[in-house]
Structure formats: C-alpha cells, structure tokens
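Labels below follow one simple rule: chain letters A, B, ... track the order of the sequence lines, proteins then strands, and each chain is numbered from 1. The figures here come from the full heavy-atom set of this structure, side chains too, leaving out hydrogens, waters and symmetry mates.
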Number of protein chains: 2
Amino acid sequence: MSQTVDRALSILPLLAQGPADLGQVADRLGVHKSTALRLLRTLHEHGLVYRQQDQRYRLGARLFALAQEAVENLDVREIAHPHLAALNERTGHTVHLAVHEDGEVLYIDKVESRYPVRMYSRIGKPVAITVAAVAKLLLADLPEPERRALAAKLDYPRYTPRSTPDAAAFLQELATVREQGWATDLGGHEESINCVAAPIRGADGRVVAAMSVSAPNVVVTAEELLALLPLVRRTAEAISHDYSGTTPPKETEETPA
Amino acid sequence: MSQTVDRALSILPLLAQGPADLGQVADRLGVHKSTALRLLRTLHEHGLVYRQQDQRYRLGARLFALAQEAVENLDVREIAHPHLAALNERTGHTVHLAVHEDGEVLYIDKVESRYPVRMYSRIGKPVAITVAAVAKLLLADLPEPERRALAAKLDYPRYTPRSTPDAAAFLQELATVREQGWATDLGGHEESINCVAAPIRGADGRVVAAMSVSAPNVVVTAEELLALLPLVRRTAEAISHDYSGTTPPKETEETPA
DNA sequence: TCGGCCGTTGCGCACTCTGCAACGTCCATT
DNA sequence: AATGGACGTTGCAGAGTGCGCAACGGCCGA
C-alpha cells in the first residue's frame, strides 16, 4: 500500500466532518505542515477538496460528480427504479434500494413517502447494518464463513430495546432471514419505524440488492405494514426478473470461495 | 504536487466512466501494472474503489458517503431547503439550488416538479455552465478579470440554436445579468425547457448560491414562467436574509487534543 | 495438453516524498 | 504605531518509498 496516497485519502473523511485549516489537517494526519500542504494541493487539483475564502479546506465539487456518475453506473438501480416508484405510488410509503459492499450496506435509491411524516435517510448513507431489514437480507446471503467473520467484527449499538444485541443474535436472525427469504425491522433502529424488505437476485440466484418499504407507527401499524409483504416480494421478484433478463449471459461464477 | 497521489486520483474519473480491469487502468495511466495495482489497493482500502466479482474495479461506496457528508456540511443548503420546498409547493415546478466552485457550477439541492413531465438533472451533476440561468448568476458576480479568464477557457456547445455561442456573447450576457440581478435560460440547454433564477447573497453582498425554477414548455409557457420572477426573487432574498443572519461574522474553532 | 492472458509478488535502484528551517503576511495585542 | 504570534508558503538535502522489471501461478480457450 502506498503511504503517500494513504495519507492523502485519509484527509477526505477528516474533512467530511467539517472544514479544517492546514494546521489541523497536518496535526490529525500526524505529518508536517508542508507535507499536508502538498497533499491538499494535489487533492485540490483534482477537485476533491475545495478551499474556501477563509483558506480552510472542505470537500470539493468533483466528489459529488464522481459519486453521481458512480451511482448511475449501477445497473440494478436503473432497472429497479420504475418498480420502486410504482410501489411507492401504490402504497404511499418510503421505498429504499440498498446494496452491500465491503462490509457496508448503503442506500442507492429512495422514493419518498407521500405522507408528511417521513423517515430520515439519504442515498449514499450507510445503513444501521445490524438492524436494517435490507442489511439482513444482503448479509444473510453471504457465504457462511464471511457472515461469521463480519458479524464478529461489527458493533451492535442499542438504538432501541429491540435492536440486535450481539453477534450471536445477529447470526441467528440472518439464518432466519435466509430461510424465509424476507426480512423486517420492527423498531430496531428507531422506536417508531418499521420496515419490510425483500431480496433482489441475479441470474445466479445470489442476492445483489435488497428493497424495503418503511413507515412510521403513526401512519400504519406494524401489522398493516406486514400485510404489504406479498406485494413487496412480488416487486422484488419482478426486479430480479428484469435484472436477470437484461443482464447478458454472465461469465461463469465460481460458487465456492 | 505529489506524483503518486496524482496518479491515484486520476484513476477515479477513469473508473467513473465504467468498470475497468487492472490492465486497462495501467494502460490509461501510463504506468506499470504493478504500480496500478498498488494504487488501486490503496484506493480500495479507503473504500473509494470496489472490486466486483469479475475482478474489475469500479467506484466504491465510501465515495457516496463522503459526497453525502460533504453536501450536508454546506450550510446554505440547510438554510435554503425549506424555502425551496415552499416555492415548489406553491408553483409545482422543479426548484434547484446551485453553487460555484473552481470553474464548475453544480446543483446541491433540488425539489422535484409535481408535474409528470420533469426535467432531467441530478444533485451533484455539473450544470451546462454557459447557458444555465444559475450559472450566469454565479459567474456574473466574479471579479471582472476572473470572469474574462473563465469565459475564455470555457467550451460553448450548441445545445440548441439559443445556446450562448461564444465567450463574447457570454460575457455580454453576464454583464446584463449582473446589472439586472436575475437570469433566465429560455431553451438554451434543452429546446423545450425554460428557467428563471435569482441570486442568494451572503452578508458581504457576494453571491454564494443561486436558485432557479424550471419548467418545460408543455406545462407553462415562457411568459407564464417569467411571471414567477418576483416570487423567485423574493424567495432568494428570504434565503439571503436567513443566511446572512444565522451566519456569525466569524466562527472560532477549537482543536480538542 | 498447451499456450496466452491476467493478476500477483519480490526486489534493487533511484526517484520522489519528507521534515526542517526560514521567510512573508496577516491579525491581535501592547 | 510597533511587536509578537499564528499561519501558510518555499527551497533543500537526505532517505525513505514508490517505481518498473521479471518471474510466478491460475484460469480459460484452443
């Protein structure tokens, strides 16, 4: 691994917390000011950081553009979107699409609820991986050793009394989810918000994405939301079908890791 | 400028065009495969690139997260959003918020039209800088030398017959915009889409952002859209007021050990 | 079975990055 | 108005680090 690049890239999450001046960056990186300056200059030339009038640095414009182009290259998203929109049209609730990547699960698309009370989330924001319904689906599909390894590495924050408490409970939950082919989050992240989710599979049967419908208690009860499960599953299957269909005959996949 | 970091960062826009394998990356960078590999590994460890099952690289998840955190740190956005939503509520049209940064203008917020026919745009996407109404406002406020330098550097694509043809016309337009304090784009980017825009100013009077209302011909005529100008300007002024008010003259930041 | 393609590894050389120290500037303080 | 300090910037010499080369190994198609 390249030390120089490593240091430069470490600046980005640092600046994500808010603007910082040269000295602060150098301190937090543990390098000399002149070094930090050179790195920041390079990042600047690539548009990844921006220098404000007060000379402090913050994350730059090209970062948005890159993230944007990146998300547009995800073909699952393209294919799923009309289905998500239709489901939102029909139910009125917030619909999410999420993928798994290197131990993180993040939303890559979202259709907002029609109701005034909405849940907070953002495309690109990593989800609460130990409780979110979509996360359970995505992780439940991992090969068993990976699943165990990941579960062991995770933190298990107690967002609510119903949050997954530890790795054992999580693995148990994943097994259940894997078995039944759908997942829920009933107040595990925020007390008053429930979700039901279903997996989207590629041609080889592996889970490539997951979608969910979320709604707060004040709009519909958990039971009413669960009644939507068949609809959610059908939607996910429709997306899976579209996705497998339009994806050209994939090169052979090595199943055993 | 750091060579290593420079090379590493050059990989990102390259991957933004689509996934690529190691050889392609090395070729396009003009370096040896082993070098490209090391750079990609470093980028990977920071989550900026992701390696798919077919071993090809594409942009990674953390990029989204970073862009997300970045946009949330823009306080103009925070302050402007309710106003934009209100304007959308009242007019039904698409409302945009944009800022200028290092010769690029990009949308940082958007409220979607209520009408079924919508214009295509995305938060984070750089706008057509030579024709967009918000771009004119932001660039018109630059000091004259910078304005000239930037105008000279730009390309002037002929999106439509009404697109700004060259630097001279652009500078002329900027002068007009600067004078009148608002801007329009009448079919300059896409034949059937019109915009009206107004500037948002900081406490020192400089333009820090610009907002616009856009609608296609099929929904409202250009005249009808122009009739919204006073409303748009009032909204922009309200945001400017909020922004100047809530931004303290200077904030001091302490560094916790 | 063989050949080619691609990703990966170890290594020695030298290029490039590093930290230091000194300078210029701006601002707050006396 | 003068002084001190904080901060960003620059040039430099040393060495640490990234560079390309060459060889290996796995995979796939011939």
| query | Counting any heavy atom closer than 4.0 Å, what does B:S34 reach on the DNA or RNA strands: base, sugar-phosphate only, or nothing? | reply | base
| Side-chain donor-acceptor pair present, B:D141, B:H100, cut-off under 3.5 Å | no
| message | Under 3.5 Å, is there a donor on one side chain and an acceptor on the other for B:H81 and B:D109? | response |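 Side chains of B:H81 and B:D109: pair found under 3.5 Å.
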| request: Mind jotting down which residue pairs meet the salt bridge (Lys or Arg N to Asp or Glu O under 4.0 Å) criterion with at least one end in residues 4-32 of chain B? Sequence neighbours excluded, please. | output: none
| message | If you take any heavy atom closer than 4.0 Å to DNA chain C, which residues from residues 3-11 of chain B end up in contact? | response | B:Q3, B:T4
Determine all donor-acceptor pairs shorter than 3.5 Å in which one atom belongs to a side chain in residues 55-62 of chain B; sequence neighbours excluded.
unit_1, atom_1, unit_2, atom_2, d
B:R56, NE, B:D54, OD2, 3.0
B:Y57, OH, B:R51, NE, 3.4
B:Y57, OH, B:R51, NH1, 3.1
B:Y57, OH, B:R51, NH2, 3.4
B:R58, NE, B:Q52, OE1, 3.3
B:R58, NH1, A:E101, OE1, 3.4
B:R58, NH2, A:E101, OE1, 3.2
B:R62, NH2, A:E104, OE2, 2.6

| said: What range of DNA chain C does chain B touch, first nucleotide to last, counting atoms under 4.0 Å from its heavy atoms? | reply: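 The contacted stretch runs from C:dG7 to C:dC17.
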| said: Can you tell me how the ring of B:Y156 sits relative to the ring of B:F170, calling it parallel under 30°, perpendicular over 60° and tilted otherwise? | reply: perpendicular
| request: Would you work out how much the helix from C:dT1-D:dA30 to C:dT30-D:dA1 bends between its ends, with each end axis defined by five base pairs, to 10 degrees? | output: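 Rounded to the nearest 10 degrees, the bend comes out at 40°.
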Going by side-chain contact (heavy atoms from CB on, under 4.5 Å), name the residues that satisfy it together with [X], two or more places apart in sequence or in a different chain.
X      : answer
B:A175 : none
A:V99  : A:I108, A:A209
B:A183 : B:A133, B:K136, B:L137, B:V177
B:A36  : B:L22, B:V25, B:A26, B:V31

What's touching nucleotides 6-8 of chain D from the protein side, N or O pairs under 3.5 Å?
unit_1, atom_1, unit_2, atom_2, d
D:dG8, OP1, A:L22, N, 3.0
D:dG8, OP2, A:G23, N, 3.2
D:dG8, N7, A:K33, NZ, 3.2

| query | With B:F64, which residues qualify under ring pair (Phe, Tyr, Trp, His ring centres under 6.0 Å), at least two apart? | reply |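 Ring pair (Phe, Tyr, Trp, His ring centres under 6.0 Å) check on B:F64 returns nothing, list empty.
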| message | In whole Å, I'd like the distance from the CZ atom of B:R38 to the C1' atom of D:dG16. | response | 14 Å
| field | Contacts of type side chain to side chain donor-acceptor pair (under 3.5 Å), residue B:S34, not counting sequence neighbours | value | B:H32
| request: Please tell me which of B:V31 and A:H32 maps to the more 5' nucleotide of DNA chain D, matching each residue to the nucleotide holding its nearest heavy atom. | output: A:H32
| task | Check for a donor-acceptor pair, side chain of B:T4 on one end and backbone N or O of A:V5 on the other, with a separation under 3.5 Å. | result |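 Here the side-chain-to-backbone pair does not exist.
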| request: Identify whether the distance between the nearest side-chain nitrogen and carboxylate oxygen of B:R148 and B:E144 falls below 4.0 Å. | output: yes
